[in-house]
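Take a look at the structure set out below.
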2 protein chains.
Amino acid sequence: MLGKKDITIYDIARVLGLSPATVSRGLKDHPAINIKTRKRIMDTAREMGYRSNSFASNLRMQKTNTIGIIVHELKSQFISSVLAGIEKVTTEAGYDLIIGHSSETWRKEASNAHNLFHKRVDGLIASLAFDTRDMDHYDPFVQKNIPIVFFDRVEDFAYGTRVVIDNNKAGYEATAHLAAQGCRRIAHITANLARNVYADRLKGYQQALADFGLSYDAELVIVNDLSEAAAIRAARQIIAMPQPQRPDGVFATNDFFAAVFLQTLKEGDVRVPEDIAIVGFNNDAIARIIQPKLTTINYPGEEMGEQAARSLLEQLAGLSAARTTDTIIIRSELIIRDSSLHRKV
Amino acid sequence: MLGKKDITIYDIARVLGLSPATVSRGLKDHPAINIKTRKRIMDTAREMGYRSNSFASNLRMQKTNTIGIIVHELKSQFISSVLAGIEKVTTEAGYDLIIGHSSETWRKEASNAHNLFHKRVDGLIASLAFDTRDMDHYDPFVQKNIPIVFFDRVEDFAYGTRVVIDNNKAGYEATAHLAAQGCRRIAHITANLARNVYADRLKGYQQALADFGLSYDAELVIVNDLSEAAAIRAARQIIAMPQPQRPDGVFATNDFFAAVFLQTLKEGDVRVPEDIAIVGFNNDAIARIIQPKLTTINYPGEEMGEQAARSLLEQLAGLSAARTTDTIIIRSELIIRDSSLHRKV
DNA sequence: TTCGAAATTGTAACCGATTGCATAAATTTT
DNA sequence: AAAATTTATGCAATCGGTTACAATTTCGAA
C-alpha cells in the first residue's frame, strides 16, 4: 500500500562505506568533515531521495522547530494579516506553525494552550479570547521557560513579551478628531472592557472628552460583542433616540461593526457624517469601500505579526536582551476619511 | 535555564515497579492490561504531570498526526472560513494543522509542498495558486500514497479528491439572472482562465448568454488579478466607454472586487443597478454592507473546509470507498440583492 | 493435585538522527 | 625518523514510546 521505504542516513552510509555519524555530520556542514566527503554525501543523499526524519531529530534534540499560535478568531481580516506577517518571518527561519483558535472562548483557548504545550512547540504567539479571565493555562509554558509573545489582546502577566499598539492614544485621537469636528455628544461602542485593547481605548476616549471640555456620560458607552447583529441593534437604538439624547459622533472599536452600523443608520435616514460622524478601528479594506468612506485607526496587522514573530525568534535564539523585553509598541495612526468630516448644518 | 526534566513512561514505570511496556499499554487502553493496573498508571501519570512525547511516538509509528494545508492566500474571508471549517473537524479528530501559503505563486506553492512532504504530514489539503501550471510538486505525495484533498482551485490530476462547487452552474445562474433582469450587454470580469474555477464560470456565462439569445463578445470578458487596483482600473475603463459599447450588467468572480468596482462606478456617476447591474461571487460579509447590497453567489467556505477535512480523515482511516472518491460538490446558490435588480429607466 | 488456557506483565529490539569520546590517518615539528 | 599536532572518521549511547514474542501468573477444569 505504502510507497517504498524511506532513505535514512544508514542507507547513505552503507552506499558510501561510511558511518552514519559521518553522514549525519556531512549533511549539516559540520566543520570536522572533509569537504570532499561532504560533497559525496550531499550528492548521494540527493540521488537517493533522502529526506531527514524530523522526529528522530526532534527526539534527539528536544526541539520541534515549531511555533504555536493561538488566535481568538480566524475569520478576521486583522488576524489574517497578523498570520501572514508571522508566516513570512517564521518560514524564512525554518519554523513551522501550528494554529489553534479559541472562537473567543476561554475554554477553547485553554484547551489549545494545552494541546500546543503537549506538542512541545518551541514558542507561542497568542492573542486572548474575549472572556479569558485567568492565565493559568499558560503556566506550563512559564515553568518550562518556553517563550510566549502576546499580541493585540494582552494581559498583565509577569511572563512573556507583549506586542501592541498604543490603544489609549488611538482612542484619544479618534475621539479628539470627532470633538474637533464639532461633535458634542460622542458615543463609544466597544467590547468587553476586561480586555486591555478596549479598556485602553475607553481611557483615551475619556481623556479626549475631558480635554475638549465635554462631559462623560456612561450612557454613551455601549458594550457588546461587535457582531453584525449587535451593530444593527445599536444603530436602531440610536435611530430611535430623541434628538437631544442622540449622539452626533460615534467611535466604534472595529471597522466591520462600524460599517454595518453606518449602513443601518443610513437605511434609517440618519445622515453620515452630517447627523452622526463615525470613526472606526483597524483600517480594514471595508473602510475604503463603504460610502461614505470610513475614518479609522490604521492598525498594521501584518507588521504586528512580523514583530511578534521576530521577537519570538530572538528569544528562541537566546538573545538575552530579547528575553527581558516587556512590551513592543507598533505605530498606529488616524486615517481621516469622509465618515467623520462633520460639517454642521 | 530550562524547567525540570520531562516525565517519561520510564519514570512512571520506576515509581510503580512496572515495566515501561506496561505503562505504555496502560496509557492507551490496551486490552491486555489489568484494569486496576491501568488505573494506577493513569493516576500516577496525572500526578507526575506526564505528557507523552509525540516525537518518540511518531518516530516509532511512522505517523505524524499532522495535516498540511496549502492555501493561495491567507488574507481572504473565503479562505479564513475554509480554514475554520478544516480546523473544526481536524481538531476534533486530534490532528494538528501546519499551514503554508503560496501568495498565489507557483514557486511558493511548490516550496510549501516540499516542506510539508519533508515534515511528513499524514495528508494534505490544498488550493492551487493563480499561476500554478504543473502538479509535479505533488508527485512525492503520490509516490508515497499520502492522501491529498484539493479544494476550490483544483486541476485534473489523476490523484486525490476534489472538493468544489459547480462553478459552471454558478456562472450560469449569475449570468442568467442578469439576463432575466433585462441586461443585454453583460460583461464578465474574472481571473486566470487556466484555473478551473474561472474557466468553469466563464463556460456557464457563455451558456447563459446563448440560452438567452445574447451574443458572446470577447471584448466583454476581462481577465485580471482581481486586486483593488484592478477593480478601480476596470471601473474607470467602463465609465469611459461610450454608451452603445458600455455593458449594462457585470458578473465579477469575487465580492471584494465587485464591491470596489461598484464603489468606483458610483463615484463616476454610473448608477447601480440602473445603469449597470452587478453580481459578485462568494457572499462575503462585504456584500451585505455595500450600498446597494450585492447580489452574489453563496459559496459556503466553512462547509467546504469541513467536507475537505472529513474526506481526508476518512482516507487516513483507510476507508477504501473514500480513497476512490473523485469529486465532492458543495451546494452553492444565487443570493439576489439590490445590486442586480435592474429596473430599466 | 495437576494441567492447560487465559490473562498479565516483562524483555528487548526497533524507529533515525545526534554527539561525546576514542581512534586512525595525515601533516607538521623537532 | 620519531614525536606532536591537526584533521577525519567511527563507536556506541541516547532521545522515549511501541510491540512481537517470551515469561509468568491466575484460575477453573479434570
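Protein chains get the first letters and strands the later ones, always in sequence-line order, with residue 1 at the start of each.
Ser54(A) comes within contact range of no nucleotide atom at all, as no heavy-atom separation falls under 4.0 Å. Across all strands, Ser52(A) comes closer than 4.0 Å only to sugar-phosphate atoms, never to a base (heavy-atom distances).
Whole-Å rounding puts the Leu16(A) CG to dA8(D) P distance at 17 Å. When rounded to the nearest whole Å, the span between NZ of Lys119(A) and C1' of dG16(D) equals 15 Å. With rounding to whole Å, Asp11(B) atom CG is found 11 Å from dC15(D) atom P. Asn34(B) places its CG atom 14 Å from the C1' atom of dT24(D), with the value rounded to the nearest Å. One atom, CE of Met61(A), and another, C1' of dG16(D), lie 17 Å apart when rounded to the nearest Å. Summarising the geometry, the separation between NZ on Lys36(B) and P on dT9(C) is reported as 11 Å, rounded to the nearest angstrom. The separation between Arg120(B) atom CZ and dC15(C) atom P is 13 Å, rounded to whole Å. Whole-Å rounding puts the Phe55(A) CZ to dT14(D) C1' distance at 19 Å.
Of the side-chain N and O atoms in Tyr50(A), one or more sit less than 4.0 angstrom from OP1 or OP2 of dA17(C). For Ser19(B), no side-chain nitrogen or oxygen approaches OP1 or OP2 of dT9(C) to under 4.0 Å.
Of the two residues near DNA chain D, Leu59(A) and Arg38(A), the one whose nearest nucleotide lies more 5' is Arg38(A). Residues Leu18(B) and Arg60(B) both approach DNA chain C. Their nearest nucleotides, taken by heavy-atom distance, put Leu18(B) toward the 5′ side.
Cation-pi geometry between Arg51(A) and Phe117(B) is met: under 6.0 angstrom from the ring centre, within 45 degrees of the axis.
When every heavy atom of Asn196(A) is checked against every heavy atom of Asp152(A), the shortest pair comes out as ND2-O, 3.4 Å.
Thr161(B) and Gln315(B) are linked by a side-chain donor-acceptor pair at a separation below 3.5 angstrom, with hydrogens and angles left out of the test. Donor-acceptor pairing under 3.5 Å is recorded for the side chains of Ser80(A) and Ser80(B). Judged purely by distance below 3.5 Å, without hydrogens or angles, the side chains of Glu109(A) and Thr132(A) pair a donor atom with an acceptor atom. Under 3.5 Å, the side chains of Ser57(B) and Ser54(B) contain no donor-acceptor pair of N or O atoms.
Between Phe55(B) and Phe55(A), the two ring planes are parallel [angle under 30°; tilted spans 30° to 60°]. Note on ring orientation: taking the six-membered ring where Trp is involved, the planes of Phe141(A) and Tyr138(A) are tilted (angle from 30° to 60°).
The pair Asp6(A)-Arg120(B) meets the salt-bridge criterion, with a side-chain N (NZ, NE, NH1 or NH2) lying under 4.0 Å from an Asp/Glu carboxylate O.
Note on the helix from dT1(C)-dA30(D) to dT30(C)-dA1(D): angle between the axes of the first and last five pairs equals 60°, rounded to 10 degrees.
Of all the residues in residues 20-32 of chain A, Ala21(A), Ser24(A), Arg25(A), Lys28(A) reach under 4.0 Å from DNA chain C with at least one non-hydrogen atom.
Proximity note for Gln62(A) (side chain, C-beta onward) versus dC15(D), dT9(D), dT9(C): the nearest is dC15(D).
Counting non-hydrogen atoms of other residues, nucleotides and ligands closer than 6.0 Å to NE2 of His114(A) gives a total of 12 or fewer.
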